[in-house]
Student: 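Sharing a structure here in structure tokens format.
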Amino acid sequence: LEGGYRVHLHRRPGGAPLELDPGDFEFTEPDDAHAPSLLVVSRWADTLAAHAPVDDEFRRLPPALAPAAPSAGALGMVETLRPTRASDAPLVLDNLAQFRFYSAWRGVVERQRR
């Protein structure tokens, strides 16, 4: 399972970025049906933003981990099958809030540069 990846596409006028969660997609096209969804979504982003600046420096930051929110995508059904008692459920940590803050900050910086 490829959890935890997000792609943010910032639009020119500003506002909130478009957030793509590869785990929320299910592909039926023959070329994409067996490819990892992260690769397919990354290919889409590369096509949509061919001449836009790309910032992948976030992966080099030390993570500020917090409890992960349940997935709302196709894998969300897996979450519903997990035990409901807190002592039985494993604590999953992620840095999604940190990524969203970093992405918003970078979006503001890029808009100010133009």
Side-chain angles (χ1 to χ4, degrees):
L1 301 178
E2 25 175 285
Y5 290 99
R6 298 294 193 281
V7 174
H8 277 187
L9 299 174
H10 291 268
R11 297 169 281 209
R12 287 187 186 258
L18 175 63
E19 180 173 293
L20 302 176
D21 179 355
D24 285 345
F25 290 91
E26 185 175 326
F27 303 103
T28 57
E29 294 296 320
D31 293 340
D32 298 334
H34 300 292
S37 60
L38 177 59
L39 294 178
V40 176
V41 170
S42 296
R43 190 170 59 231
W44 288 354
D46 290 343
T47 301
L48 288 172
H51 302 291
V54 174
D55 180 7
D56 66 347
E57 292 298 314
F58 178 78
R59 62 189 170 88
R60 293 194 172 118
L61 292 177
L65 300 175
S71 175
L75 297 178
M77 288 301 290
V78 174
E79 296 295 324
T80 62
L81 298 175
R82 290 196 178 174
T84 56
R85 291 193 334 240
S87 61
D88 293 341
L91 179 62
V92 178
L93 301 175
D94 73 7
N95 61 345
L96 182 57
Q98 180 187 18
F99 171 72
R100 287 177 175 156
F101 178 83
Y102 178 87
S103 176
W105 171 78
R106 286 296 302 166
V108 168
V109 167
E110 288 299 320
R111 282 191 295 276
Q112 294 297 320
R113 289 178 51 182
R114 294 179 189 172

Student: Quick one: are L96 and R6 in side-chain contact, heavy atoms under 4.5 Å?
Tutor: yes
Student: Looking only at heavy atoms, what is the nearest atom pair of S103 and H10, with distance?
Tutor: OG-NE2, 2.8 Å
Student: Are L39 and V54 grouped together when hydrophobic residues (ILVMFWY) are joined by side-chain heavy atoms under 4.5 angstrom apart?
Tutor: no
Student: Would you please name every residue forming a ring-ring contact (aromatic ring centres under 6.0 Å, His included) with F101, sequence neighbours left out?
Tutor: none
Student: Any salt bridge (Lys or Arg N to Asp or Glu O under 4.0 Å) pairs touching residues 99-108, not counting sequence neighbours?
Tutor: E19-R100, D55-R106, R106-E110
Student: Would you please name every residue forming a ring-ring contact (aromatic ring centres under 6.0 Å, His included) with H8, sequence neighbours left out?
Tutor: F99
Student: With sequence neighbours left out, write down each residue that passes side-chain hydrogen bond (donor to acceptor under 3.5 Å, both in side chains) with R11, or none if nothing qualifies.
Tutor: none
Student: Identify, with sequence neighbours excluded, every residue that meets side-chain hydrogen bond (donor to acceptor under 3.5 Å, both in side chains) alongside Q112.
Tutor: none
Student: Going by atom type alone, with no hydrogens or angles, which donor-acceptor pairs under 3.5 Å involve a side-chain atom of residues 40-47 and a protein atom two or more places apart or on another chain?
Tutor:
from, atom 1, to, atom 2, distance (Å)
S42, OG, L38, O, 2.8
R43, NH2, D32, OD1, 2.5
T47, OG1, R43, O, 3.0

Student: Where is the tightest heavy-atom contact between D21 and Y5, given as atom of each residue plus distance?
Tutor: OD1-O, 3.6 Å
Student: Specify the closest pair of heavy atoms between S37 and F27, including all atoms of both residues, with the distance to one decimal.
Tutor: CB-CE1, 3.4 Å
Student: Only counting residues at least two apart or in another chain, list the ones meeting side-chain contact (heavy atoms from CB on, under 4.5 Å) with L48.
Tutor: L9
